[in-house]
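Worksheet: the structure to be examined is printed underneath.
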Amino acid sequence: MLLLTQLLIGLFFTLLIAHYLKLQWLRRRYPPGPTPLPIIGNLWTLNFVLHYDTLMQLAKTYGNIFTVWLGHNPVVVLNGCQTVRDGLISHSEELSGRPTTPLFDEISKGKGVVLSSGHNWKQQRRFGLMTLRNLGLGKKSLEARIQEEAQSLVEYFATKKGKSLDPSPAIVHSVTNVISAVVFGHRFSRDDKEFHQLIEATDDATNKLGSIGARLFDVFPWLMRHLPGPHNAIFKSSAIIEEFVKKEIKSHKENGMSEEPQDLIDFYQTKISQDSQDITSTFDEENMIRLVSDLFGAGMETTTTALLWALLYLVNHPEIQGKVQKELSAVFGESQVIQYEERKRVPYTNAVIHEILRISSIAPIGMLRQTVKDMSLQGFNIEKGSLIIANLASSLYDPDHWETPGQFNPGHFLDKEGNFFQKDAFLPFSAGHRVCLGEQLARTELFIFFTNLLRAFTFKLPEGVKNVNMDPIFGGTMKPHPYQICAVSC
């Protein structure tokens, strides 16, 4: 028995050494980076999470293109404004792939638009963009709906009469109703329990995508399937979202097709019928469920998180809040409806909104990508099938492009005459072929909600509260910690 134990231990260490030597051989094909260990790669170095700050620190040692190993999977990291732009824009086609990871495959099965790749992704993305335009993106019709939800939020805050409140539930509800109208064709009341369950599931799944459990599931799926952890919460939340979407689709079918499609589900059902004889078509009910879920999650997450950061920065910088209110009052007065196209008339307000998106860096590293062909980037040859991470935060905080990268400074977007201008390093929605599908919708919502709120209220900390926690909660997106504020009518 002792001899057998010794043989097994010897075999184990022999395999570890062999694996270590194999890693050292394989890493010669990739840009430099920290030495990977057997089994876990560089997960220990990364504290088991892909944090943008850790990646920026590693770039100081290994350069702006380097490799980290997630278990046995090498991932090439792009860091800094110039490198990120070179990758995402100059090599947009080469970096348009999305890898099939155990976690992604469990969630989407390669369907939809966010986690799909190749022919499926191209068809679903093209359809999504076309449908958003058909439903009014960039037109008065959708903007009017956004205005209604913004006004509803203002009215809700007004009922609190300046008392302390948690702004998150009301903001989430109002913003989410915009994307609900787009994909489902209707809004939901504040008392709808199923809708709140959908919001909570979407929020929970997003938060846990950046967790240690999610990283470990990708490295050890065969083991993690049998263990508790955040990955199970992601799957549970995804199932709740899917069931809600299925219920909406069923309701649409029972009500019959309208002559004019009213929402994404209507347009998609029509597309399925039109392409029923096309063998190259990817339009089916599974893709519809996933695309609706993708657009709903993305449409809810970015704007709500940005608005929560906005109010937090404004109460922390009352002088900036005052300048925004003064500009809005001077340009629009008290009654004029502010349209998105009029943002050019309020350069300071526009600069503040952009600075909030910059410094909060809501999606700091974006989604994992995969090269669809061999490519050369800044002297490094990167093979087809390589996994890529673009550290977007490193561009948003690049000291070569921002005067005070770690400080909230709207002057980053203003010239000496006070005119608004946008820098190349501003990439909060990513760039290239994989740029956020809902970027235009998010920008429109953020501007309209922000200006409506700032014209109606002055936001302050509750009496006795001196400091607020400005550290983000790291997850699929960077969210602020829960907080209380007072919305005092102007």
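Along the sequence shown, the residues carry numbers beginning at 1. On a predicted model such as this, the values are computed, not experimentally measured, just so you know. When reading the values below, keep in mind they use all heavy atoms of this one structure, side chains included, and skip hydrogens, waters and symmetry mates.
- Of all heavy-atom pairs spanning V178 and E149, the tightest one is CG2-CG, 3.8 Å.
- Taking a cutoff of 4.0 Å between a charged side-chain nitrogen and a carboxylate oxygen, D105 and K109 do not qualify as a salt bridge.
- Scanning for side-chain hydrogen bond (donor to acceptor under 3.5 Å, both in side chains) contacts around S238 gives an empty result, with sequence neighbours left out.
- A donor-acceptor pair is defined here as one N or O able to donate and one able to accept, closer than 3.5 Å; no such pair exists between the side chain of N79 and the backbone of A59.
- Once rounded to the nearest 0.5 Å, the distance linking OG of S395 with CE of M56 reads 10.5 Å.
- Ring pair W222/F220 is perpendicular by interplanar angle, where above 60° counts as perpendicular and below 30° as parallel.
- With hydrogens and angles ignored, the 3.5 Å screen pairs a side-chain donor or acceptor of S92 with a backbone N or O of H433.
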* To do: List the steps and the verdict of side-chain contact (heavy atoms from CB on, under 4.5 Å) for T371 and V76.
  => CA-CA 10 Å; T371 54; V76 178; over 6 Å; no
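- Centroid-to-centroid, the aromatic rings of F426 and F413 come within less than 6.0 Å.
- For an aromatic pair to be called close, the ring centres must be under 6.0 Å apart, and F127 with Y268 satisfies this.
- A donor-acceptor pair is defined here as one N or O able to donate and one able to accept, closer than 3.5 Å; such a pair exists between the side chain of E327 and the backbone of T349.
- Listed by first then second residue, pairs satisfying ring pair (Phe, Tyr, Trp, His ring centres under 6.0 Å) with a partner in residues 81-124 number zero, not counting sequence neighbours.
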* Evaluate the criterion side-chain contact (heavy atoms from CB on, under 4.5 Å) for residue pair M470 and L312; output intermediate values, then yes/no. => CA-CA 8 Å; M470 301 300 292; L312 200 54; 3.7 Å; yes
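- Side-chain atoms of R369 do not come within 3.5 Å of backbone N or O of P99 as any donor-acceptor pair.
- Note: S430 OG to L437 CG = 12.5 Å, rounded to the nearest 0.5 Å.
- With values rounded to the nearest 0.5 angstrom, L441 atom CG is found 6.5 Å from T303 atom OG1.
- Taking every heavy atom of both residues into account, I365 and L55 meet most closely at CG2-CD1, 4.1 Å.
- Once rounded to the nearest 0.5 Å, the distance linking CD of E445 with CZ of F450 reads 15.0 Å.
- Using a 4.5 Å cut-off on side-chain heavy atoms (C-beta onward), V346 and L328 make contact.
- Scanning both residues, G476 and L209, for their nearest heavy atoms gives CA-CB, 4.2 Å.
- Sequence neighbours left out, not one pair with a member in residues 78-93 passes salt bridge (Lys or Arg N to Asp or Glu O under 4.0 Å).
- In summary, the side chains of Q422 and H354 do present a donor paired with an acceptor at a separation below 3.5 Å, with no hydrogens or angles considered.
- Taking both residues in full, the closest heavy atoms of I389 and L368 are given as CG1-CD1, 3.3 Å, listed atom of the first, atom of the second, then distance.
- With rounding to the nearest 0.5 Å, the separation of CG in L46 from CG in L58 is 6.5 Å.
- Within the structure, salt bridge (Lys or Arg N to Asp or Glu O under 4.0 Å) pairs that include any residue of residues 299-326 comprise E301-K479 (at least two apart or interchain).
- Annotation: side chain of E94 is not in contact with side chain of L377 (no heavy-atom distance under 4.5 Å).
- Using modelled atom types, one finds a donor on one side chain and an acceptor on the other under 3.5 Å when comparing Q124 with T282.
- A ring-centre distance under 6.0 Å is not found for F380 and F66.
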Just list the side-chain donor-acceptor pairs under 3.5 Å for residues 225-235, sequence neighbours left out, or say none.
from, atom 1, to, atom 2, distance (Å)
R225, NH1, E106, OE1, 2.8
H231, NE2, M224, O, 2.8
H231, NE2, L227, O, 3.0
N232, ND2, L227, O, 2.9

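- A side-chain donor-acceptor contact under 3.5 Å links T83 and Q378.
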* Apply side-chain contact (heavy atoms from CB on, under 4.5 Å) to the pair F429 and L357, showing each step before the final yes or no. => CA-CA 9 Å; F429 297 99; L357 287 170; 4.2 Å; yes
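- Applying the salt bridge (Lys or Arg N to Asp or Glu O under 4.0 Å) test to pairs two or more places apart or on separate chains, none has a residue in residues 122-131.
- Side-chain atoms of N120 and N287 include a donor-acceptor pair closer than 3.5 Å.
- Remark: P169 engages D166 in a side chain to side chain contact (heavy atoms under 4.5 Å, CB included) (not counting sequence neighbours).
- Taking the six-membered ring where tryptophan is involved, the planes of F408 and H317 are tilted, since the angle between them lies from 30° to 60°.
- A pairwise comparison of heavy atoms in D415 and E417 identifies OD1-N, 2.9 Å as the closest pair.
- In this structure, T451 contributes its side chain and I448 its backbone to a donor-acceptor pair below 3.5 Å.
- Between D284 and K111 there is a salt bridge, with a side-chain nitrogen of the basic residue lying less than 4.0 Å from a carboxylate oxygen of the acidic one.
- By the side chain to side chain contact (heavy atoms under 4.5 Å, CB included) test, A201 is found to be paired with S237, I240, I241, residues two or more places apart in sequence or in another chain being considered.
- Y340 and F447 have perpendicular rings, their planes meeting at more than 60° on a 0 to 90° scale where under 30° would count as parallel.
- Looking at residues two or more places apart in sequence or on another chain, you find a side-chain hydrogen bond (donor to acceptor under 3.5 Å, both in side chains) between D278 and T280.
- Side-chain contact between Q147 and N452: present, with at least one pair of heavy atoms (C-beta onward) separated by less than 4.5 Å.
- Under a 3.5 Å cut-off, the side chain of W402 and the backbone N or O of L396 do form a donor-acceptor pair.
- For S361, the side-chain hydrogen bond (donor to acceptor under 3.5 Å, both in side chains) test picks out no residue, with sequence neighbours left out.
- The main-chain N or O of Q339 is found under 3.5 Å from a side-chain atom of E342 such that the two form a donor-acceptor pair.
- Residues V114 and M367 share a closest heavy-atom pair of CG1-CE, 4.1 Å.
- The backbone N or O of P31 lies less than 3.5 Å from a partner atom in the side chain of T67, making a donor-acceptor pair.
- By the side-chain hydrogen bond (donor to acceptor under 3.5 Å, both in side chains) test, D398 is found to be paired with no residue, residues two or more places apart in sequence or in another chain being considered.
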* To do: Please report the C-alpha distance between Y348 and I320 in whole Å, then the side-chain angles of each, then the deciding distance to 0.1 Å, and finally whether the side-chain contact (heavy atoms from CB on, under 4.5 Å) criterion is met.
  => CA-CA 9 Å; Y348 188 79; I320 293 176; 3.5 Å; yes
* **Working for ring pair (Phe, Tyr, Trp, His ring centres under 6.0 Å), residues Y313 and F459** => CA-CA 10 Å; Y313 275 104; F459 293 94; over 10 Å; no
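- Sorted by first and then second residue, the salt bridge (Lys or Arg N to Asp or Glu O under 4.0 Å) pairs involving residues 426-436 (not counting sequence neighbours) form an empty list.
- Checking side-chain atoms of T131 against main-chain N and O of G128 turns up no donor-acceptor pair under 3.5 Å.
- Using a distance-only test at 3.5 Å, with no hydrogens or angles considered, a donor-acceptor pair links the side chain of N42 to the main chain of P34.
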